[in-house]
Amino acid sequence: MEFLQPATWSEALAMKAAKPEAVPIAGGTDLMVEINLDHRRPATIIDLTHIKELTEWGMDDGRLRIGAGVTYARIIDELGDRLPGLAMASRTVGSPQIRNRGTVGGNLGTASPAGDAHPPLLATEAIVELASTKGTRQVAANEFFAGPKKNAMRADELIAAFLVEPARGPQQFSKVGTRNAMVIAVCSLALAVDPKRKHVGIGIGSAGPTPIRAAEAETFIQEVLEEHRLWERHVHCEPSALKQFGELVAAAAKPIDDVRGTADYRRHALAVLARRTFRWAWDDYRKSK
Amino acid sequence: MAVRAAVHGTVKRREDPRLITGAGLYTDDVRPERCLHAVFVRSTHANARLAGVDASSARGMPGVAGVFTAGDVLFTSDTARPRLCGESVKFVGDAIAVAVGETREQAVDAAAEVVVDYEPLAALVDSTTAADAGATLVHPDKGDNIAFEFDIGEDGALEGADVVVRGRFINQRLAPVPIECNAVVAEPDGEGGIRMWTSTQVPFNVRSQVAEALGLPESKVRVISPDVGGAFGAKLMAYPEQSVIAALARDLDRPVRWFEFRTENMTAMTHGRGLVQDVALGARSDGTLVGMDADVIADAGAYAGLSPPQLVLTAMLASGVYQIPKIRFRSKCVFTNTAVMSAYRGAGRPEAIAMIERAMDMLAAELRIDPAELRRRNLIRGEFPYTTATFCTYDSGDYERALDLALEAAGYEKLRAEQRDRRDRGDRLQLGIGLSAYVEMTAVLNTSEVGVARAEPDGSIVLQVGTTSSGQGHETAYAQLAAGLLDVPIESIKVVTSDTAVVGSGSGTSGSRSLQIGGSALRAACIALIDQAKEEAARRLEASVEDIVRFDDGRFGVKGVPATALTWAQLAEGSPLSAQAGFEQSDQTYPFGCHVAVAEVDVETGEARLVRHIAVDDCGTVLNQMLVDGQVHGGVAQGVAQALYEEFVYDAHGNPLTATLVDYGIPGIGEIPSIETVAMETPTPLNPLGAKGIGESGTIGATPAVQNAVIDAVSHLGVRHIDMPLHPMRVWEAIQAARTKR
């Protein structure tokens, strides 16, 4: 196995261009598991841990631009107030050791349907910044996930950062699993309320071949909120509407039966999580007036 | 002469500074020079004939010292389970070959290069179909899949019952998951023998098996079990790999080491539990128990492990803490194409208590009697020893007091009131209260041990005994015991165990036996040592032994003449004083207790969370409450694990589906609430310490308490039983099914 350790970002991009088959490693919390279980024997590894830019974050034209190498622990500590949904999801990732090593960039690179960071990125309409020696491009999170453990990256690209607007309203994340942390969830759901844009975003995890944005459910609940002037009146929506909202979220999922749960149970649990997280978030919004 | 008491009370674990700072010595820390690394090639099929095993290409790989298939390693005896499979494999994980390399990586690569030609056969996975006509035979030459049958009692156990409740309870298969997997380092000792380190509960048993396999006298095999990183019963048998690695060290004339990978451990190490219990419990309308009728199928796995004797323990303990006049227990232990089933914390006893305690809750629901009240009406009371319908003689106990203490500590009435309020309000989070009144049997397999106490010229005391700690704290308990008896500082005591070249004999540690058996033997040795010290003092001081006394400072001297009195060090000058004594207990001892679990269940998702756990565990006279609490804490965590989280699953073809720690969900600290322990001491008359075992009680008490709590939380919705582990989906499905039925 060849081990490459670039000192700068441009060096990393040049290495990836020269060896598109090379596998990047940051925290190693996914890749090392695959190597240890012998699911994968990469011929070349590019170690990105020495590249300072990847570990930095800052504001960029109204958005937070967060380096792909920022760990879950730092998301919680440094960005918990601005990205509450992502921070909640990060708290359920693994153990403290995993949160100290694991990165959102790595989670995106693996693109597992069960990746904990994905639902909040979908719910907040985050953008993934990809880079190669030919330049950078931005891909909406919604378009980034292409299939089970497949993403929209080209072979010569690395993940530079993700961009997301700081929360303007309540955000929630919830999952059903057999235990609290360090487990692949039976299903998970993130919800973000944006009062300025009168927008509700919903991301689903572990309930399909990719993380899924529940676009129809988003449109539905936005219409309900609009129609009944709930944004202005600061009151709860009708239980019947909430029920339909839950059903639409469940319908957006494409779950399967596996050792962790049946498709039926996953759909049911998603409907519960959708109603529940919306109620929590909407309560917060109502209290914030 | 009067024997001093042991020092009772909390003494911090002496082994912990070493273990916590990384200064312990685990098998992995034994690194002989020029050591080779072994990696096993294991079956990927649950049932197959082996048409051929081709290691030729693997043998030519860089750094490979050898690749050995069945027949390449010479053993002087055969075992029912082949050490390396040559003709057929019986479960995913069965060993076929072993690759030995200069580095572990080279051995891994060589093992991957071995080509195994399988002729796959249908696999038998479901134990409940194993006895059916036409079932796939795990061992075709045997003619059936029955490993063992055991029956107690007569038909008609339920006669006279006004009410009978019936259930099929699945006591699921569990992986033991010790943090330290199986591990062996073996080397030639230069004199035709073998010296080996291995992570085991039973070094002497490993010695016997290795000696037999290699055709060596036992004196030529030295087995050392250094610090052991968890065992839980899974290291209670000698593994074939231990003999294989020893043989490789002999054949290659170099040290050889082998360490299980985690997934290898999950599939190849023994598993535990795996019972299907069809039980019927009969009572009169006032709740008085009339009888129990149980049909039990135990999964033996692919080869005979300890599940047959464990099944006897399940049968014997079927009565629990209750007066049940008639018990009929019929059981079969059957082979399947799965990992070998053996001991796992409690080994047969948790299965018995789970059966009766679950059935008691079903009966309470049927009769609409409070579960605590139903238990109270049926508890064994009065004179001990008490002999049950299943021929156990309970040595001592006060089951009602344990129940009272647990209910009081839990605030039982208040909890029930809160449960009613939540039910009335239709809360999303419903409250469940689960009880488990239990008795268990300890020192089950072997009731004798030999202890040695020696006074050294430097003033230190050395204790030797044949038990082997895998985390229990023997270095502390035994030293504490001897410090009191010998009146010496605990720091001056060294505890030596688990090395067959130093300790004369031993049965290791299992069945919560160590303090009551090993401790009683050491106590006898300490008393004999004091006698020796007096004799030595009498000889040196030219006095009669009767005139020798101990002064307040601990010295031995002639009564009234403290000036010439001698210290332990002085008495041992020249030649150490050494005393050996055996102890044999006449029967098992029966610790008991009562656990109350409080769970919250989200009725919308089925998620269950344990919010409180109250444990009353009576293990007889307590030497060190902190050690007892530690055992209870760990035991309760493992009970919670079975009730809520863990299950080892095979698919219909015998492929393991939960062979990693991502798929097999052991609980983390976040899942276990702070455990509320309540002390209670009822000494046993069967040993001079009054001590019973405590290693398994927590698991035995906790498992049904937690299961009962979760079911209790949704019983008002019509749910009567849910099998473990109580995953959210199972609980939700049970709620749905009950709703549909209504």
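In what follows, every chain begins at residue 1, and chains take the letters A, B, ... in the order their sequences are listed.
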>> Looking at every non-hydrogen atom in both residues, tell me the closest pair between A:G177 and B:P728 and how far apart they are.
In response: O-CG, 3.6 Å

> Where does B:R262 contact chain A at under 4.5 Å (heavy atoms): side chain, backbone, both or neither?
Replying inline: neither

> So which of A:V272, A:D38, A:L273, A:D264 has the largest heavy-atom pair count under 4.5 angstrom toward chain B?
Replying inline: A:V272

>> If you count heavy atoms of other groups shown closer than 6.0 angstrom to CZ of A:R101, is the number above 12?
In response: no

> CG/A:N36 to OG1/B:T660 distance, rounded to the nearest 0.5 angstrom?
Replying inline: 12.0 Å

> With only heavy atoms counted, which part of B:D602 is less than 4.5 Å from chain A, the side chain, the backbone, both or neither?
Replying inline: side chain

> Between A:V176 and B:E607, which heavy-atom pair has the shortest distance, and what is it?
Replying inline: CA-OE2, 3.7 Å

>> Just so I know, are the side chains of B:E733 and A:T262 near enough to count as touching, which here means a heavy-atom distance under 4.5 Å?
In response: yes

> Heavy atoms, side chains only, cut-off 4.5 Å: are A:R276 and B:T605 in contact?
Replying inline: yes

